[in-house]
Student: 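Here it is: the structure, laid out below.
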Amino acid sequence: MALDEKIYELRRDKLKQIEALGQKSYPRQYKFTHTIPQILTEDSDKTAEQLENPRVNVRVAGRIMAIRLMGKAGFAHLQQGGQKLQIYVKKDAVGDKGFELYKLLDLGDHIGVSGYLFRTRTGELTVHVEEITFLAKDLLPLPEKWHGLTDVELRYRQRYVDLIMNPEVREVFLKRSKLVQSLRRYLDEHGFIEVETPMMQPIAGGAVAKPFKTHHNTLDMDLFLRVAPELYLKRLTVGGLDRVYEINRNFRNEGLGWRWNPEFTMLEFYQAYADFREVMDLTQNMIVQAAKDVTGGSKTKWGAHEIDWAVSKWRRMTMREAIVQFWPEKAGAKPQMSDFALHDSVKALVERFNAVHPHMAYDPSEPTGKTVAALFEAVAEEHLVQPTIIYEFPAAVSPLSKNKPDEPDWVERFEIFACQMEIANGFSELNDPEEQRRRFEQQLKQRERGDEEAHQMDEDYIRALSYGMPPAGGVGVGIDRLTMLLTDSHTIRDVILFPLLRPEKNSTTEDTEEEA
RNA sequence: GGGCGCGUAGCUCAGCUGGUAGAGCAAUGCCCUUUUAAGGCAUGGGUCGCAGGUUCGAAUCCUGCCGCGCUCACCA
């Protein structure tokens with residue numbers, strides 16, 4: 001028998017002994033007067049004398065995270081809400097049965113105690129226990145108290161244990177929740193309504209990405225998990241929902257990395273009668289407000305960098321300006337604006353860049369605009385640590401945005417970068433159905449070239465646009481990445497509670513697969 | 001998918017040029033009525049990721065596989 005199985009059996013045995021003492025093994029509820037965080041905020045400043053007169057009586061519940069028995073008395077630390085409070089259990093105070101119960105308790109058990117607060121000889125705020133109530137048993141041993149749980153794989157697989165042992169993990173997810181709250185509040189206050197659109201779609205549109213495929217049995221229909229809600233949200237602006245947003249999951253069947261998880265959460269919103277500049281400003285203000293709501297200030301730490309979210313500190317430049325500004329000296333003279341217009345001059349830029357840098361992928365048969373966008377990522381992205389707005393994107397990588405009136409190969413689109421990550425993407429929405437059809441047709445040509453990520457034709461979307469979509473600006477914001485920025489997390493897996501992992505060996509899922 | 005690294009007790013980790021497995025915490029028993037990484041004495045606990053190979057002998061060397069991490073490529 002494995003050690004943890006032995007401990008499991010031993011603890012089941014103790015549970016029976018606890019029942020024999022008259023305690024319920026799995027009671028239904030516990031009426032508490034205080035939470036542990038509450039006691040710590042209310043009573044941490046009180047002196048020993050102040051706690052004696054008048055006495056502060058408390059009933060609190062928590063999980064045992066440390067326990068020390070010393071003959072006929074003992075201490076334990078209870079944890080609740082990520083915080084710990086010490087309890088003192090004396091045989092004289094809890095009686096024979098109460099002390100028998102105390103001796104049967106293990107690390108990880110849930111108990112409730114009633115008693116009064118006092119300070120120990122060393123000054124620690126402690127509950128002098130008069131009654132212990134057993135609440136639930138931990139049958140499996142918790143990780144070691146000093147080092148805790150550090151194995152990265154175990155932390156992701158058994159996030160419940162990670163959350164018990166590592167308070168900073170709890171903080172990250174509390175901040176993530178605050179972030180989403182803040183974004184919702186901001187949009188609600190600006191007259192947006194929240195909607196939910198299909199995650200299972202017959203055509204996976206709205207972004208350039210490989211979708212996951214699934215199947216509905218009764219309808220005998222192949223479906224895709226959505227890569228973006230975009231086309232559905234814009235159908236809603238056609239329907240008269242002038243300001244809509246959705247916060248939900250997108251699924252992209254692509255590589256994993258520190259910035260990429262196959263399912264990720266995105267905020268998308270659309271505002272009728274606004275262009276890309278107006279939603280750009282709105283997004284910037286919304287993010288600045290969110291940083292304030294989550295962290296309490298306008299500056300946050302990310303690794304060695306201090307990120308200043310104050311609106312006045314944001315930089316704005318066009319994609320072409322960014323390539324010029326961050327062009328590496330080793331690659332020779334900085335590009336001229338006119339170099340971005342022609343296939344051959346762009347090719348020359350790539351060759352100059354690749355000669356002195358790790359090679360960026362380059363396919364001479366791809367549209368010139370696509371190469372420019374790739375060149376931007378290779379040249380500039382790593383320099384974009386402070387919040388920066390990059391605007392004016394090539395039309396070739398923007399099949400859903402409006403053209404710049406004076407430069408039709410470029411579109412009214414922007415992205416927000418910080419800490420070398422793209423965190424938002426927005427544009428003046430293309431609402432001309434005939435131009436949209438031409439864009440889809442261009443994408444189809446890229447598909448024929450073998451680009452699996454290129455957009456498919458969506459006839460119903462074009463039909464919707466044909467009923468007249470108001471001019472609108474729309475934006476997508478990566479919630480996971482924004483959480484990373486605001487919590488100093490350096491991998492997306494640290495801001496996703498249950499990141500995708502391969503199935504565990506000998507797991508039940510594997511067994512059932514074999515049976516099926 | 002490519003490259004690099006890791007996998008030893010429930011947890012955190014040692015284990016040398018190959019000689020048959022260790023510590024701390026956790027666990028079990030005993031002592032201890034203000035301790036706090038409590039302490040003291042004693043005890044139990046291992047398919048050294050899996051499968052082959054080399055060898056008299058493998059946790060250790062070799063090969064393959066599985067899992068994880070980092071990184072590169074593709075993508076947000």
Side-chain angles (χ1 to χ4, degrees), chain A residues 1-11 13-14 48 65-77 84 86-94 99 102 106-108 118-124 126 128 138-158 161 165 206-211 227-228 250-266 358-361 363 373-374 377 381 397 415-417 421-425 451-453 476-482 490-493 499 501-507 510:
Chain A
M1 191 171 8
L3 179 56
D4 54 339
E5 288 167 7
K6 279 184 187 163
I7 289 175
Y8 189 97
E9 289 307 321
L10 259 160
R11 292 191 176 189
D13 231 50
K14 285 184 178 177
M65 294 304 288
I67 189 161
R68 299 176 287 279
L69 171 67
M70 288 164 298
K72 296 186 181 62
F75 290 88
H77 272 102
K84 293 191 181 97
Q86 182 169 259
I87 64 169
Y88 176 59
V89 181
K90 194 162 69 161
K91 194 172 183 180
D92 298 345
V94 297
F99 205 68
Y102 172 78
D106 286 301
L107 284 179
F118 77 111
R119 286 200 181 273
T120 60
R121 215 170 268 166
T122 52
E124 181 166 344
T126 303
H128 198 287
D138 173 11
L139 296 168
L140 292 170
L142 287 176
E144 194 226 351
K145 62 186 169 189
W146 194 239
H147 298 91
L149 185 69
T150 59
D151 183 284
V152 177
E153 181 182 353
L154 274 182
R155 288 187 43 222
Y156 296 147
R157 281 200 198 281
Q158 298 180 230
V161 179
M165 300 306 296
V208 176
K210 276 180 228 158
V227 296
N250 291 341
F251 307 86
R252 299 188 184 175
N253 205 342
E254 287 160 355
L256 292 75
W258 69 277
R259 290 170 286 187
W260 291 280
N261 194 63
E263 56 177 312
F264 63 102
T265 302
M266 208 154 168
H359 277 51
M360 59 170 268
D363 173 2
E377 282 178 25
E381 196 167 19
V397 294
E415 291 188 348
I416 297 174
F417 288 83
M421 280 187 281
E422 179 199 329
I423 54 173
N425 173 20
D451 187 346
E452 288 178 66
E453 294 163 2
V477 179
I479 301 298
D480 313 273
R481 290 180 174 183
L482 196 49
H490 297 254
T491 163
I492 197 166
R493 294 182 149 194
L501 298 174
R502 283 196 174 79
E504 252 176 294
K505 254 193 204 169
N506 303 321
S507 72
E510 203 176 44

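What you are looking at is a predicted structure, and each value in this text was computed from that prediction instead of being measured.
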Student: The side chain of A:Lys6 lies closest to which of these nucleotides: B:G45, B:C74, B:U35?
Tutor: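 Among B:G45, B:C74, B:U35, the one nearest the side chain of A:Lys6 is B:G45.
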Student: Please tell me if the side chains of A:Val89 and A:Phe99 come closer than 4.5 Å, counting only heavy atoms from C-beta onward.
Tutor: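 Yes, side chains in contact.
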Student: If you check every side-chain atom of A:Glu153, which of B:G67, B:U28, B:U35 has the closest atom?
Tutor: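 Among the listed nucleotides, the one closest to the side chain of A:Glu153 is B:G67.
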Student: Scan nucleotides 30-32 of chain B against the protein and return all N/O pairs shorter than 3.5 Å with their distances rounded to 0.1 Å.
Tutor:
from  : atom 1 : to      : atom 2 : distance (Å)
B:C32 : N3     : A:Gly71 : N      : 3.3
B:C32 : N4     : A:Gly71 : N      : 3.4

Student: Restricting to side chain to side chain donor-acceptor pair (under 3.5 Å), what partner residues turn up for A:Asp13, sequence neighbours left out?
Tutor: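 By the side chain to side chain donor-acceptor pair (under 3.5 Å) rule, A:Asp13 matches no residue at all.
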Student: Report yes if at least one side-chain N or O of A:Arg68 is closer than 4.0 Å to OP1 or OP2 of B:G39; otherwise report no.
Tutor: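 The answer is no; no side-chain N or O of A:Arg68 sits under 4.0 Å from OP1 or OP2.
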Student: Between A:Arg252 and B:C75, does any side-chain N or O lie under 4.0 Å from OP1 or OP2?
Tutor: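 No.
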Student: Ignoring backbone atoms, test whether A:Thr120 places a side-chain nitrogen or oxygen under 4.0 Å from the OP1 or OP2 oxygen of B:U35.
Tutor: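 No, no such contact exists.
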Student: Using OP1 and OP2 only, check whether a side-chain N or O of A:Arg502 sits under 4.0 Å from B:C68.
Tutor: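 Looking at the OP1 and OP2 atoms of B:C68, one of them is under 4.0 Å from a side-chain N or O of A:Arg502.
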Student: Looking for any heavy atom pair under 4.0 Å, which part of the strands does A:Leu10 touch: base, sugar-phosphate only, or nothing?
Tutor: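 The residue A:Leu10 makes sugar-phosphate contact but no base contact.
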Student: Of the listed nucleotides (B:U33, B:C11, B:A26), which one gets closest to any side-chain atom of A:Lys90?
Tutor: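 The answer is B:U33, which lies nearest to the side chain.
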Student: For A:Glu124, check side chain to side chain donor-acceptor pair (under 3.5 Å) against everything at least two apart and list the hits.
Tutor: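 Result, side chain to side chain donor-acceptor pair (under 3.5 Å) vs A:Glu124: A:His77.
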